[in-house]
Amino acid sequence: EAFWVQVYDDCHPPIDVKLQVEVLPCPCLNGGVCKNEAANDSKDTAEPLAYEKNSSYKGFYVAGNLISGGKDVDWYSVTVGSDATGNDFNIYCFNSGSGLEGLQVSLTEADGTPVVGFKSTQAEGSVKSQGNKLKAGSKYLVKVSASGQSATVVSNHYTCAFVFQPPQP
């Protein structure tokens, strides 16, 4: 797209300037903070997440995209902090407003074997898993995937919180 702009000040005559604007595609649709979406597509290349603490929660937080019509898979590695001992590891993932269908999350040991007793529950626009018991100092892998992509909603984003909370009665 091209625009003509006239620039002038009190000391000089007007000058016509052509301004050319080119919009480049960004496949990640996350505000321009693009990353290599293929970099975390397997358990062997899982993206490590930083352990975060605030006044309410401690855990891991991520926002991502599942590209290629929802056929993409994102893997993350998390290492349990020693201060998480005795707390439940709860997973909350949301894709509200996204065209991703059938958002899924799984939790495995560092070698990729499923964590015994892990269960997740799907609801419209979200998936959660609560009450998981993890060992302090151990590394785990979290896999985020979807069953497909809407034909009419092109957005493919999700947000997940993997947090430690006191056990629920």
Side-chain angles (χ1 to χ4, degrees), residues 26-31 33-54 56-151 153-168:
C26 178
C28 51
L29 301 174
N30 65 354
V33 184
C34 291
K35 63 180 184 177
N36 181 354
E37 288 294 335
N40 65 348
D41 285 354
S42 76
K43 66 179 177 63
D44 296 326
T45 59
E47 179 181 338
L49 297 180
Y51 187 63
E52 300 178 28
K53 297 184 225 178
N54 66 35
S56 302
Y57 300 105
K58 50 190 165 223
F60 310 88
Y61 307 90
V62 67
N65 299 83
L66 295 176
I67 59 175
S68 303
K71 293 178 176 48
D72 183 24
V73 174
D74 288 348
W75 286 85
Y76 300 98
S77 66
V78 297
T79 301
V80 179
S82 60
D83 59 344
T85 302
N87 288 322
D88 288 349
F89 183 65
N90 300 325
I91 298 175
Y92 306 98
C93 291
F94 304 93
N95 65 316
S96 298
S98 171
L100 293 174
E101 296 173 340
L103 186 66
Q104 301 165 26
V105 63
S106 61
L107 179 66
T108 72
E109 303 285 346
D111 65 1
T113 59
V115 168
V116 175
F118 175 81
K119 293 183 286 187
S120 64
T121 306
Q122 285 184 305
E124 187 64 35
S126 70
V127 62
K128 69 179 179 178
S129 175
Q130 296 175 294
N132 301 290
K133 303 294 185 197
L134 304 183
K135 294 176 263 179
S138 296
K139 178 179 172 182
Y140 294 89
L141 301 175
V142 180
K143 176 183 166 187
V144 180
S145 60
S147 61
Q149 175 77 35
S150 167
V153 181
V154 297
S155 175
N156 55 17
H157 67 273
Y158 64 86
T159 304
C160 292
F162 314 125
V163 296
F164 294 94
Q165 298 170 301
Q168 301 297 313

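We use all heavy atoms of the structure for the numbers below, so side chains are in, but hydrogens, waters and symmetry mates are not.
For Tyr158 and Phe94, the ring centers are positioned 6.0 Å apart or more.
When all heavy atoms of Leu100 and Ala146 are compared, the pair lying nearest together is CD2-CB, 4.2 Å. The two atoms that bring Leu141 and Ser77 nearest to each other are CD2-CB, 3.7 Å, heavy atoms only. Of all the heavy atoms in Tyr61 and Leu49, the pair that sits closest is O-CD2, 4.4 Å. In terms of heavy atoms, Gln149 sits closest to Leu66 at OE1-O, 4.4 Å.
In summary, the side chains of Ser42 and Asp44 do not present any donor paired with an acceptor at a separation below 3.5 Å, with no hydrogens or angles considered.
Interatomic distance, OG of Ser96 versus NE2 of His157, reported as 7.0 Å (0.5 Å rounding). Note that CD1 of Ile67 and CG of Asp74 are 8.5 Å apart. Values are rounded to the nearest 0.5 Å. Distance check: Lys43 NZ to Thr108 OG1 gives 8.0 Å after rounding to the nearest 0.5 Å. Remark: Phe60 CZ to Tyr140 OH distance equals 11.0 Å, nearest 0.5 Å.
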Sequence neighbours left out, cut at 3.5 Å: what donor-acceptor pairs do the side chains of residues 131-138 make with other protein atoms?
residue, atom, partner, partner atom, Å
Asn132, ND2, Phe89, O, 2.9
Asn132, ND2, Ser129, OG, 2.9
Lys133, NZ, Asp88, OD1, 2.3
Ser138, OG, Lys135, O, 3.4

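The environment of NZ in Lys58 is crowded: more than 12 heavy-atom neighbours from other residues, nucleotides or ligands sit within 6.0 Å.
A 4.5 Å side-chain heavy-atom check between Thr79 and Tyr51 finds every atom pair outside the cut-off.
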